[in-house]
**Student:** 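Pasting in a structure now, in structure tokens, and then I'll have a few things to ask.
Because only heavy atoms are used, hydrogens play no part in the values below, and waters and symmetry mates are left out as well, while side chains stay in.
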Amino acid sequence: MNNFIDANALRAEVDLVELLRKLGHQPVGKSKGQLKYHSPVWTGDSTPSFLVNPETGEWYDFGLPGGGDLLTFAKSYWPLLSFYQRLQKIREVYDLPMHKLKYAEPREREPRPRKAERVPSFELIAVKALGNNPILEEYLKERCVWEAAQGRLSEVYYRMKADEQRPARNCFGVGWLNEFREWEVRTAAGWKSFLGANKGLSVFPGSPAHLVVFEGIMDYLSWSALHPDQQPTAMVLNGAGLIELAIKAAAGFEFKSCFFDHDDTGREITARFLKVYPEAVDGAAAYLGFNDFNEMHMAQPKPQLPWQSPDIYRDATEGFKR
């Protein structure tokens with residue numbers, strides 16, 4: 001007999017949704033059976049990025065990125081505590097008596113069903129150079145980055161596999177590789193995702209002494225369009241939750257500039273970047289009055305775009321033909 005908490009017993013007793021409620025975090029929406037939260041494990045989450053499956057007790061945070069079960073949540077929520085201290089913290093917050101948690105004996109309560117996958121699965125069909133798909137071309141022209149995207153983005157065609165909520169379907173978007181050689185994707189409809197298991201930074205090589213850091217790909221392309229003669233190394237976060245990785249990766253550069261959004265999340269990650277690198281330039285002054293670099297770039301006078309034919313979508317789907 002001892003007074004140590006059995007981790008498996010704790011998993012069986014604690015409901016993650018109820019634990020979040022006791023910690024002061026309430027869901028702000030629901031999507032395909034999963035509850036959506038503003039992230040409880042990092043600050044400045046203006047768009048809910050934290051999902052919980054109430055049936056399985058699993059969670060995933062697109063801002064980190066990462067996820068897992070009750071114990072991995074505790075590790076992310078209380079990173080400075082030891083493993084046992086986290087178990088004790090869960091017990092205290094949940095107000096569980098010790099006699100329910102001391103033994104690893106079989107329990108009467110049936111375990112929750114668990115799913116192996118928490119996010120949609122994708123199958124890559126083809127990767128092509130820009131210029132084959134008129135929908136994606138118009139999308140990049142509307143964002144005023146068509147020329148800057150040449151050689152940096154590709155057309156990515158993929159199939160979203162069937163799941164319990166929807167059948168399989170073909171998709172396409174503009175894509176670029178992250179540090180794990182997996183595709184970050186943006187569709188013309190504004191949908192954002194990545195094809196693979198590992199979300200990461202994207203680095204576009206240039207000067208080994210000068211680094212420019214952007215929150216999103218469109219901001220980087222907008223900056224490139226306005227500075228065609230400059231060739232620094234460029235880093236795109238692909239998600240504000242990767243700011244700590246970006247801070248570590250920036251260490252070897254003599255000159256650093258960051259260009260983050262004029263919103264709560266953007267100012268938060270700017271402050272974190274400048275705290276480590278006070279000599280770095282906060283480039284957000286270049287687009288005062290706009291949320292981000294691309295919004296400012298799009299507001300500049302530009303030629304009127306051509307009228308869009310109803311046949312354009314039909315023509316674009318030619319990319320699926322093998």
**Student:** Ion pair present between E13 and R91, side-chain N to carboxylate O less than 4.0 angstrom?
**Tutor:**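 No.
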**Student:** Measure the CG-CG distance between L35 and L16 for me, rounded to the nearest 0.5 Å.
**Tutor:**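 Interatomic distance, L35 CG to L16 CG, rounded to 0.5 Å: 9.5 Å.
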**Student:** Can you confirm whether Y157 sits close enough to L124 that some side-chain heavy atom of one is under 4.5 Å from a side-chain heavy atom of the other?
**Tutor:**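 They are not in contact (no side-chain heavy atoms under 4.5 Å apart), so the answer is no.
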**Student:** Taking atom types as modelled and ignoring hydrogens, do the side chains of E184 and N178 form a donor-acceptor contact shorter than 3.5 angstrom?
**Tutor:**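 Yes, a side-chain donor-acceptor pair sits under 3.5 Å.
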**Student:** Would you check, one step at a time, whether the test side chain to side chain contact (heavy atoms under 4.5 Å, CB included) holds for L237 with V213?
**Tutor:** CA-CA 7 Å; L237 299 188; V213 188; 4.0 Å; yes
**Student:** Quick one: do R159 and E123 make a salt bridge, cutoff under 4.0 Å?
**Tutor:**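 Counted as a salt bridge, because a side-chain N and a carboxylate O are separated by less than 4.0 Å.
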**Student:** Just wondering, are more than 12 heavy atoms of other shown residues or ligands nearer than 6.0 Å to NZ in K22?
**Tutor:**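 Counting other residues, nucleotides and ligands, NZ of K22 exceeds 12 neighbours.
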**Student:** Same cluster or not: V276 versus V281, using hydrophobic residues (I, L, V, M, F, W, Y) connected whenever any side-chain heavy atoms lie under 4.5 Å apart?
**Tutor:**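 They do not share one cluster, since no chain of ILVMFWY contacts under 4.5 Å joins V276 to V281.
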**Student:** Side chains of F260 and F273, heavy atoms from C-beta outward: is any pair under 4.5 Å?
**Tutor:**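 A side-chain contact under 4.5 Å exists here.
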**Student:** Does atom CG of N291 have more than 12 heavy-atom neighbours, drawn from other residues, nucleotides or ligands, at distances under 6.0 Å?
**Tutor:**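 Yes, the 6.0 Å shell around CG holds more than 12 heavy atoms from other groups.
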**Student:** Show your reasoning for whether side chain to side chain contact (heavy atoms under 4.5 Å, CB included) applies to L71 and F83.
**Tutor:** CA-CA 9 Å; L71 300 187; F83 177 76; 4.2 Å; yes
**Student:** For the ring pair H38 and F50, is the centre-to-centre distance below 6.0 Å?
**Tutor:**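 No - the distance between ring centres of H38 and F50 does not fall below the 6.0 Å cut-off.
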**Student:** So, does S82 use its side chain to make a donor-acceptor pair with the main chain of Q85 at under 3.5 Å?
**Tutor:**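 At least one qualifying donor-acceptor pair exists.
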**Student:** Nearest 0.5 Å please: distance from the CD atom of Q300 over to the SG atom of C144.
**Tutor:**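 Answer for the CD-SG pair, Q300 versus C144, is 9.0 Å.
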**Student:** Honestly curious: do L81 and V41 fall in one hydrophobic cluster under the side-chain, below-4.5 Å linking rule?
**Tutor:**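 In one cluster: yes.
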**Student:** I'd like to check K30 versus K36 (side-chain heavy atoms, cut-off strictly below 4.5 Å). Are they in contact?
**Tutor:**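 Of all side-chain heavy-atom pairs linking K36 with K30, none is under 4.5 Å.
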**Student:** Are any non-hydrogen side-chain atoms of L201 and V236 less than 4.5 angstrom apart?
**Tutor:**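 The answer is no, as the side chains (C-beta and beyond) never meet within the 4.5 Å cut-off.
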**Student:** Heavy atoms, side chains only, cut-off 4.5 Å: are F172 and N133 in contact?
**Tutor:**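 Side-chain contact under 4.5 Å: yes.
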**Student:** Please give me the minimum heavy-atom distance between W59 and S76, naming the atom from each residue.
**Tutor:**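 Where W59 meets S76 most closely, the heavy atoms are CH2-OG, 3.8 Å.
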**Student:** Without hydrogens or angle criteria, can the side chains of W183 and S154 be said to hold a donor-acceptor pair below 3.5 Å?
**Tutor:**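 Judged by distance alone, the side chains do not pair up.
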**Student:** Are a donor atom and an acceptor atom from the side chains of E92 and Y94 found within less than 3.5 Å of each other?
**Tutor:**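 Note: E92 and Y94 side chains miss the donor-acceptor criterion.
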**Student:** Tell me whether D282 is salt-bridged to K256, with the criterion being a basic N under 4.0 Å from an acidic carboxylate O.
**Tutor:**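 Salt bridge: no.
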**Student:** If two hydrophobic side chains count as joined below 4.5 Å and joins carry through other members, does L70 share a cluster with Y84?
**Tutor:**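 Yes, it is one cluster - the side chains of L70 and Y84 are joined through contacts under 4.5 Å.
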**Student:** Can a side-chain donor-acceptor contact be found between Y158 and N170 if the only test is distance below 3.5 angstrom?
**Tutor:**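 There is no such pair between these side chains.
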**Student:** For a 4.5 angstrom cut-off between non-hydrogen side-chain atoms, does W42 reach S49?
**Tutor:**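 When only atoms from C-beta onward are counted, S49 and W42 do touch, with a gap below 4.5 Å.
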**Student:** Do F180 and I217 land in one hydrophobic cluster if side-chain heavy atoms of ILVMFWY residues count as linked below 4.5 Å?
**Tutor:**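 No, no single cluster joins them.
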**Student:** For E182, is there an ion pair with K199 - N to carboxylate O distance below 4.0 angstrom?
**Tutor:**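 Looking at K199 and E182, the cut-off is not met.
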**Student:** Does any non-hydrogen side-chain atom of H210 lie less than 4.5 Å from one of S257?
**Tutor:**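 When only atoms from C-beta onward are counted, H210 and S257 do touch, with a gap below 4.5 Å.
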**Student:** Verify whether the ring centers belonging to Y77 and H25 lie closer than 6.0 Å.
**Tutor:**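 They qualify: ring centres under 6.0 Å apart.
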**Student:** Step by step, would you call Y287 with H262 a ring pair (Phe, Tyr, Trp, His ring centres under 6.0 Å)?
**Tutor:** CA-CA 9 Å; Y287 41 96; H262 283 298; 5.1 Å; yes
**Student:** For D69 and R11: C-alpha separation, side-chain torsions, deciding distance, then whether side chain to side chain contact (heavy atoms under 4.5 Å, CB included) applies.
**Tutor:** CA-CA 9 Å; D69 63 3; R11 281 195 188 98; 3.1 Å; yes
**Student:** Side chains of R272 and E244: does their closest heavy-atom pair fall under 4.5 Å?
**Tutor:**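 The answer is yes; the side chains approach within 4.5 Å.
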**Student:** Side chains of N294 and W223 only: does a donor on one sit below 3.5 Å from an acceptor on the other?
**Tutor:**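 N294 vs W223: no donor-acceptor pair found between side chains.
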**Student:** Does one side chain, of W176 or N238, offer a donor that lies under 3.5 Å from an acceptor on the other?
**Tutor:**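 Side-chain D/A pair, W176 to N238: present.
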**Student:** Does W146 belong to the same Ile/Leu/Val/Met/Phe/Trp/Tyr cluster as L226, with side-chain heavy atoms less than 4.5 Å apart forming each link?
**Tutor:**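 In one cluster with W146: L226, yes.
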**Student:** Regarding R152 and Y220, do their side chains bring together a donor and an acceptor under 3.5 Å, going by distance alone?
**Tutor:**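 Short answer, yes.
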**Student:** So, K141 and E137, do they make that salt bridge, N to O below 4.0 Å?
**Tutor:**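 Salt bridge between K141 and E137, a charged N being under 4.0 Å from a carboxylate O: yes.
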